[in-house]
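What follows is a short report on a single structure.
Side chains included, hydrogens not; waters and symmetry mates left out as well; all remaining heavy atoms used.
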Amino acid sequence: SEAENLAPLIRQIIALRLAAAEIIVVDDGSTDGSAEAAIAAGANVARHPYNIGNGAAIKTGIRTARGRLLVFMDGDGQHKPEDIPKLLAEADRYHMVVGARAKGSKLRLHRYAANALYNLLASYVTRFKVKDLTSGFRVLSRVDALRFIDLLPNTFSYPTTLTLAFLRSGLTVKYM
């Protein structure tokens, strides 16, 4: 479960010793003890009284954060904390840096096919090679996140909306 993954994930992020980093976990109405596990591991926790959705959790995280740069990542272990510095290293040159999932990652075949189709459509619409439209692992500035926050849906489709908003606004995006 996510609660079991959360504490080790937070400890791995803390071990990176990122300057002035705050770790914010948004508890979207969970009942599995993940909020308590996150607090015990050293994270700040923002809580929803009931489940509103993954995108809503991201928006709460954006509103709670105080840093200049924001790193979004899922708490289920699909993103590796040791990749955070690699994304941050490119954050001064691009408005958004996205950790694209490698081929053969934890996507089932039908989801992989759907993701490939979404990537093609987004690439066509934006005239930019979109490599992983739905990846939730990304770095962007708090200012840019706040600029688009009201466009973001409360569902899992927030990465798609965010990517399209950036590209259609003429902001730079890098996939790694």
message = Show, in sequence, the C-alpha distance, side-chain angles and deciding distance for Thr60 and His48, and conclude whether the side chain to side chain donor-acceptor pair (under 3.5 Å) test is met.
response = CA-CA 9 Å; Thr60 295; His48 293 166; 2.6 Å; yes
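Atom CZ of Arg68 sits about 11.5 Å away from atom CG of Leu140, to the nearest 0.5 Å. Distance check: Leu162 CG to Leu151 CG gives 9.0 Å after rounding to the nearest 0.5 Å. Atom CG in Asn5 sits 9.5 Å away from atom CD in Gln12 (nearest 0.5 Å). Annotation: the span from Leu9 atom CG to Gln78 atom CD amounts to 11.0 Å, rounded to 0.5 Å. Note that CG of Leu87 is 6.0 Å distant from CE of Met176, once rounded to the nearest 0.5 Å. Interatomic distance, CG of Asp74 versus CG of Asn54, reported as 6.0 Å (0.5 Å rounding).
Heavy atoms only, all atoms of each residue included: Leu18 and Pro85 are closest at CD2-CG, 4.4 Å. Between Ala7 and Ala37 the shortest heavy-atom distance is CB-O, 4.3 Å. Across every non-hydrogen atom of Ala65 and Ile24, the tightest pair is CA-CD1, 3.5 Å. Nearest heavy atom pair, residue Val45 against residue Ala38, reads CG2-CB, 3.7 Å. Between Glu22 and Thr64, the shortest heavy-atom distance links the atoms OE2-O, 4.5 Å. When all heavy atoms of Ile14 and Gly42 are compared, the pair lying nearest together is CD1-CA, 4.4 Å.
With sequence neighbours excluded, the residues forming a side-chain contact (heavy atoms from CB on, under 4.5 Å) with Ser34 are Ala3, Leu6, Asp27, Ser30, Asp32, listed by chain and number.
In the hydrophobic clustering of this structure, Leu70 groups with Tyr175; members are Ile, Leu, Val, Met, Phe, Trp, Tyr whose side-chain heavy atoms approach within less than 4.5 Å, directly or through other members. Tracing side-chain contacts under 4.5 Å through hydrophobic residues (I, L, V, M, F, W, Y), one never reaches Val139 starting from Val143; they form parts of separate clusters. Met96 is connected to Leu146 through a chain of hydrophobic side-chain contacts under 4.5 Å among Ile, Leu, Val, Met, Phe, Trp and Tyr, so both are in one cluster. No continuous path of ILVMFWY side-chain contacts below 4.5 Å connects Val26 to Ile84, so the two sit in separate hydrophobic clusters. Leu88 and Ile23 fall within a single hydrophobic cluster, where Ile, Leu, Val, Met, Phe, Trp and Tyr side chains are chained together by heavy-atom contacts under 4.5 Å.
In this structure the side chain of Phe72 reaches within 4.5 angstrom of the side chain of Ile58, judged on heavy atoms. Two residues are said to be in side-chain contact when any heavy atoms from C-beta on lie closer than 4.5 Å; Asn44 and Arg66 fail this criterion. When side chains are defined from C-beta on, Arg138 counts as touching Pro159, because their heavy atoms get closer than 4.5 Å.
With hydrogens and angles ignored, the 3.5 Å screen pairs no side-chain donor or acceptor of His79 with any backbone N or O of Met73. With hydrogens and angles disregarded, no donor-acceptor distance shorter than 3.5 Å links the side chain of Thr161 to the backbone of Leu152. At distances below 3.5 Å, not a single donor-acceptor pair connects side-chain atoms of Ser169 with backbone N or O atoms of Leu171. Although no hydrogens or angles enter the test, the distance criterion places no donor-acceptor pair under 3.5 Å between the side chain of Ser157 and the main chain of Thr160.
Using a 4.0 Å cut-off between charged side-chain N and carboxylate O, Lys59 and Asp28 make no salt bridge. One finds a salt bridge joining Glu36 and Arg47 here, because a Lys/Arg side-chain nitrogen approaches an Asp/Glu carboxylate oxygen to under 4.0 Å. Between Asp83 and Lys80 there is no salt bridge, since no side-chain N of the basic residue sits under 4.0 Å from a carboxylate O of the acidic one.
Arg168 CZ: 12 or fewer foreign heavy atoms inside a 6.0 Å radius.
Through direct or relayed side-chain contacts under 4.5 Å between Ile, Leu, Val, Met, Phe, Trp and Tyr, Phe156 connects to no other residue.
Taking the six-membered ring where tryptophan is involved, the planes of Phe166 and Phe148 are tilted, since the angle between them lies from 30° to 60°.
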